2 protein chains.
Amino acid sequence: MPLTEAGIYAAALRLIDEDGVEALTMRKLATELDANPMSLYHHVPNKEAVLRGVTRMVGAQFRTVTLEDAPWQERIRLLAMDFRTLAHRHPELMAYSFSHQPDFIQPDDPFWTALTAIVAAAGVPRSEVSEIAALMVAVVIGVLAAELNGSLHQWSTLKPPGPDDAEDGDGDANPDSADTASEGPDQDHMFRLVMDTLITGLESRLTGDRGGRDAGL
Amino acid sequence: MPLTEAGIYAAALRLIDEDGVEALTMRKLATELDANPMSLYHHVPNKEAVLRGVTRMVGAQFRTVTLEDAPWQERIRLLAMDFRTLAHRHPELMAYSFSHQPDFIQPDDPFWTALTAIVAAAGVPRSEVSEIAALMVAVVIGVLAAELNGSLHQWSTLKPPGPDDAEDGDGDANPDSADTASEGPDQDHMFRLVMDTLITGLESRLTGDRGGRDAGL
DNA sequence: GTCATTTTCATACAACGTACGAAACTGGTA
DNA sequence: TACCAGTTTCGTACGTTGTATGAAAATGAC
């Protein structure tokens, strides 16, 4: 099989999915493709480009159902969930991309297109659409990153630290009492919680009943 | 000067602040300390431990003014700003820590202590304090990470992509019309925006007027 | 001064990304 | 068929990295 740019990316993705980005080596990648390491360099300029290519390739796979006429809250929730699904399909790669590929979201990606459309549909003035969309991407990616590398779970099962002076009854000396067992599904919950909070916050901003803080941006 | 664990961390931090984490080398670090590379290994088990140590060291520097009796909204805003200040003091290190040191926030760190205290003071039921706090940390770190690596600025100055079918008047063919010039201070603005949105969302959740979505967690 | 312990250093190795030039393969023309 | 220009593959090699190993030097107790 004749060694293609796309083939290299696909093989790289396979290896990354198995062992993570930092275990990816040009030599291993070549072995995976039954080729000499140096052969890769005729199709790809260097390792960094491989990672960029793989990231782009995966990003291009993103698809979302665009409920054109659903309320924007529902649409944005759906979009976020779809993005999360993609992140879960290639967790190692995405965790890497989030922090090392600052431009892995392109202006013409379906994700960005859909997001800005929804934000605009929500009633955000045209000049602020990008800011609000950027804000949402940063938040969603932040939560996903924390989820993918385990931080989110760890923090959410962290005890609010020992009361240095007794506060009220019910000491509860046991550090992990109830839910240290379950692992997966509470992440879904956390993600929904973030989205709901974010959406509610946006709603307030849009309908104008600010909590007493600065007026719009 | 006799080569200490703390001294190694301090030197590493100096190098990281200058050239970033990925430019840090055990050899450079040794040179910075006028020592042989292998001498470091008597005070530190390996490079990863150096990074962990530096991260811990910086994390321990965190200080916040705890306005004990201000409204929780103000307190949490302040806490987040203090955290952001710390992140800006060592941007390279923090950007690294966010993604590579999943446990860089410890249960007894002043940051976590303050955060959970504030969340509890906001009226979040005891059993949900950790989740809400975790959520906030993930969001704040996500935004800070995006800010530190330039994503946030890039996204927020991204044009909502070209309308494929004309939507309404005012074509505005010019891609960047007004604000591509300014660079720094709009980050402050974005950060405040996120915090306000988040806080407003939490307020709604706490006062019970959910927007028609699921009841509390 | 002697000796045990701790700290420093010189050397060396495996693994990495990749520069360089030679070999092998390819398709088109005669 | 033979030839040849261009593309693709590969062998070898260099510089850099983290660090294992053991020798050398420094240090402190007696």
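Letters A, B, ... are given to chains in the order of the sequence lines, protein chains preceding strands, and every chain is numbered from 1. The shown structure was predicted, so the numbers you read here are calculated from the model rather than taken from an experiment.
Whole-Å rounding puts the B:Leu33 CG to C:dT7 C1' distance at 14 Å. Atom-to-atom, CZ of B:Arg27 to P of C:dA10 comes out at 13 Å; the value is rounded to the nearest Å. Taking atom CG of B:Asn46 as the reference point, atom P of C:dA14 lies 20 Å away to the nearest angstrom. If you take CE of B:Met26 and P of C:dT8, they are 13 Å apart, rounded to a whole angstrom. When the P atom of D:dG18 is taken as reference, atom CD1 of B:Ile8 falls 14 Å away, rounded to whole Å. What separates NZ of A:Lys47 from P of D:dT16 is a distance of 18 Å, to the nearest Å. Protein atom OH of B:Tyr41 is 7 Å distant from nucleotide atom P of D:dA20, rounded to whole Å.
B:Asp109 places a side-chain N or O within donor-acceptor distance of the main-chain N or O of B:Gln106, the cut-off being under 3.5 Å. A:Ser130 places a side-chain N or O within 3.5 Å of a backbone atom of B:Leu158 that can act as its donor or acceptor partner.
A:Leu29 comes within 4.0 angstrom of nothing in the nucleic acid, heavy atoms only.
Paired with A:Phe111 under the rule side chain to side chain contact (heavy atoms under 4.5 Å, CB included), one option of A:Thr116, A:Asp82, A:Val137 passes, and it is A:Val137.
At least one test fails for A:Arg56 against the ring of A:Phe104: distance under 6.0 Å to the centre or angle within 45° of the axis.
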For nucleotides 7-11 of chain D, give me every protein contact, N/O to N/O, under 3.5 Å, one pair per line with atom names.
from, atom 1, to, atom 2, distance (Å)
D:dT9, OP2, A:His43, NE2, 2.7
D:dC10, OP2, A:Asn36, N, 3.1
D:dC10, OP2, A:Ser39, OG, 3.4
D:dG11, OP2, A:Asn36, ND2, 3.0

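Salt bridge B:Glu18/B:Arg14: absent, no basic N to carboxylate O contact under 4.0 Å.
For CD of B:Gln61, the number of neighbouring non-hydrogen atoms (other residues, nucleotides, ligands) closer than 6.0 Å is greater than 12.
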